[in-house]
Every structure is written in structure tokens, then in C-alpha cells.
Amino acid sequence: MTHIAVIGAGQAGASLVAKLRSEGFEGDITLIGAEAVPPYQRPPLSKAYLLGDMTLERLFLRPQSFYDENNIALRLGTQVTAIDTSAKTIAIGDELLSYDQLALTTGSVPRKLPASAGGALGGVYTVRDLADVDAMAPHVTEGGRVLVVGGGYIGLEAAAVCAQKGMQVTLVEMADRILQRVAAPETSDYFRALHTAHGVDIREGVGLDGLIGEDHVTGARLSDGAELACDMVIVGVGIAPGTALAEAAGLTLDNGIATDAQGRTSAPDVWAAGDCASFPYRGHRIRLESVPNAIDQAEIVARNMLGAGVEYVAKPWFWSDQYDIKLQIAGLNTGYDRVVVRDGGTARSHWYYAGDTLLAVDAMNDPRGYMVGKRMIEAGRSPDPALVADASVDAKALMA
């Protein structure tokens, strides 16, 4: 094996190539990225970076010197146009690049408003990459009016930053409540109250009929008949796996690029990891959109490209920062039938159970509760719900 190519220079791609070198691979490595900057952290884009609390250089996962010193060819600002899995070549315009093994870490793409709804107007932004945030940042200013479309974590994080910047913020969520797809009503209630306390106008069960404006957005028509003026719009209505290249190459798709437990796709010597990949998990197939998954899965794939034969066992965890609240999530709450609230005042957590089995924990400024919950979920243990509900019981005692 002489050449490993990796398409997608995000968190997964950067983690994969670093792991190849640390595992002793001495062949050629090429990491191809569409953006013009080295791999960087995405979560701070909608938080610290947009607030101005983090510089561009601090976003970078590693300096350019790391890639140089480890003989990793970093091809930035480069669009791959096709993959031929039979010939084992990658097309970059008129250039053909041969590979022995290939990893797809193509991430995800934001869902955008259609042009028919005003999505092509100036002042309409998504929050996915550096260019998105750099474009909107000059307009996130005190006194400005912003409409946030979507009440998931990305929309709520953007709303929090805009409110902290002194903007008039309206957030609309078509579902009955914010965070409906990912969290229990108790967590939705918590964050609704948090945002309302910071002056955000949250409108649930209300969709967007269309934006108003000639070249630049000036307002919006909502599904309840209301119209409101706005200077900018932030669209946070979810992401889709980046599968275009894989699909054109004939790879099997199933909620992303389908892989086996070791990260192999349906094509020989082609692997996938990160947001773009779906994989087996507890008898089902899932796809995780998180930094921890991108790192852990990519590192397992790197080892398996070198012959380790290790299966990836996901340990899902996530986080979100809004105002002075750090939300930490452990596990997956799919299938829960009750939620136990642990209210310690400033520290609060919501524990998801299916019967007597603990599935997940949402912890708000409760790092101890989060860590205990995470350890127990990963160990397949479930604390007594009555003890969980009693905040006077030390969190560590729940592990006894």
C-alpha cells in the first residue's frame, strides 16, 4: 500500500490522517478539502467565533506545520468531481489522482430555504462553515433585527449569540416545540424559558411562508399570517449527509454512506467516517452528527485501513453552549418512555428511561450528573430513578 487519499478536510478527515501517521503508516497521504483553510473546529463557529471571543487561528485543529512535518499532502480549495472505484482514481477537474485506499469524510451540508421562499435573497445565511459565519458576522450588531428559522440546537445557539450582541431576535419553529426532534418536553421548556429571559421572541407551531425583499431580505411572512420586519435571517433547519460523490460513484447509501461495523463502504478499499457515514449500532443503523463521533470513528477507520479489524462501538455524547449554560448530553434517548428530573438549582439534569433502563442524560450546568450518567450508560447500568430525582443524593452515589 503506497497511497491513502482522504476526501473531506473536516474533523473526521483531520483525525483520520493524524491517526494513520501515529499508527506508523509510512506511505503517501493526501487530504483533500474544498475550503481554502486547514481543518478547523465547527462547533465554535456559531458560538465563540461569532461572538468574537475566538480568533481564526484558534479554530484550526492543527497548524499547517503539522501536515508538513508529517508528510501529509494537504490540498485545500480543491473540489473532487468524481471517483472511479474500479480504476481507483479521483478526478480533480482534468487531473486524475490514483489511490490504494480511499476514505470519505465528506461531512454534511446545511438544508437551505428554496429560492421560491426567498432563500436566494441577500442577508439570508446558514451556519455551517467558516465562510457562512464570516459573511454574517458584520451584520450581527446591536439593534439589528434577525429572524432565526428553526428551533434545533444550531438555531438556538445562533439566537443566543444574536441576543448577546443586542439584536432583536425572533425564532420560529414549525413543530409544536423547540428541540422536539431531539429532546424531551422538559428540556424544551428549560431552553424556552432561558431564551425568553434573554428577550428572544420564540414562536412555536409557526412556519415560514416566505421572505420579503427585492435583492436583500426586509421581512418575513409567517404561516399564522403574521408579518415581521428583519434585517437578516439565519436558517437552522438541519443538515444532510454529504453523499453526492459517493452516490455518483455507485456506493450504497442508507441515511448517509452505508458502512459496516469497521467503516467499509460497499466499494472495495473505500471507507467512510463522520457525519456522512451510517453504521450498525445495537441492532439498528444510525448516523451521528457530532465531533466525538467524527474523531472516534475516523480513528477506528484509520486503524482498519492498516489491517486492525476493529469494530466501531459508538459512545454518543454531544454538547451545546447557550448564554452561560453548558448543555452536555450522554447517550441516545430514542425509545424513552419517561423522564426523571434532577433539579439541583443551578445544576439540572433530565434522565431518559425506557422502563428501568437509562438511555440518555441532558445535563444543564451539571457536569457531575453528566459524567455519572455517561459512565453508567456506557457500562450498561441504570440508577434507581427515585435516587436520581433526589438532588440531595450525591451524583456519585448513584453509581453504587
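Hydrogens, waters and symmetry mates play no part in the numbers below; they use all other heavy atoms, side chains included.
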> Kindly give the heavy-atom pair with the smallest separation between D132 and V127, and that separation in Å.
OD2-C, 4.1 Å
> I'd like to know if R181 pairs up with E173 as an ion pair, taking the criterion as any Lys NZ or Arg NE/NH1/NH2 lying under 4.0 Å from an Asp or Glu carboxylate oxygen.
no
> Any Lys/Arg nitrogen of R177 or E204 sitting under 4.0 Å from an Asp/Glu carboxylate oxygen of the other?
no
> Hey, is the main chain of K19 close enough, under 3.5 Å, to the side chain of S22 for a donor-acceptor pair?
yes
> Give the other cluster members for V206, using side-chain heavy-atom distances under 4.5 Å between Ile, Leu, Val, Met, Phe, Trp and Tyr residues; answer none if it is isolated.
L113, L121, V124, L147, V149, V172, L208, L211, V217, L222, L228, V233, V235, V237
> What pairs with Q11 under side chain to side chain contact (heavy atoms under 4.5 Å, CB included), at least two apart in sequence or on another chain?
S15, L61, V291, A294, I295
> Who else is in L96's hydrophobic cluster (ILVMFWY, side-chain heavy atoms under 4.5 Å, direct or via others)?
none
> Using 4.0 Å as the upper bound for N to carboxylate O, is an ion pair formed by R42 and E35?
yes
> Please indicate whether E142 has more than 12 foreign heavy atoms, meaning atoms of other residues, nucleotides or ligands, lying under 6.0 Å from its CD.
no
> Is there a donor-acceptor pair closer than 3.5 Å between any side-chain N or O of D100 and the backbone N or O of T2?
yes
> When you measure from the side chain of N293 to the backbone of L288, do you find a donor-acceptor pair of N or O atoms at a distance under 3.5 Å?
yes
> Check whether H3 reaches the backbone of S98 with its side chain - one donor and one acceptor, N or O, closer than 3.5 Å.
yes
> Under a 4.0 Å N-O cut-off, is there an ion pair linking K88 with D269?
yes
> Using modelled atom types and a 3.5 Å cut-off, is there a donor and acceptor pairing between side-chain atoms of N304 and backbone atoms of G309?
yes
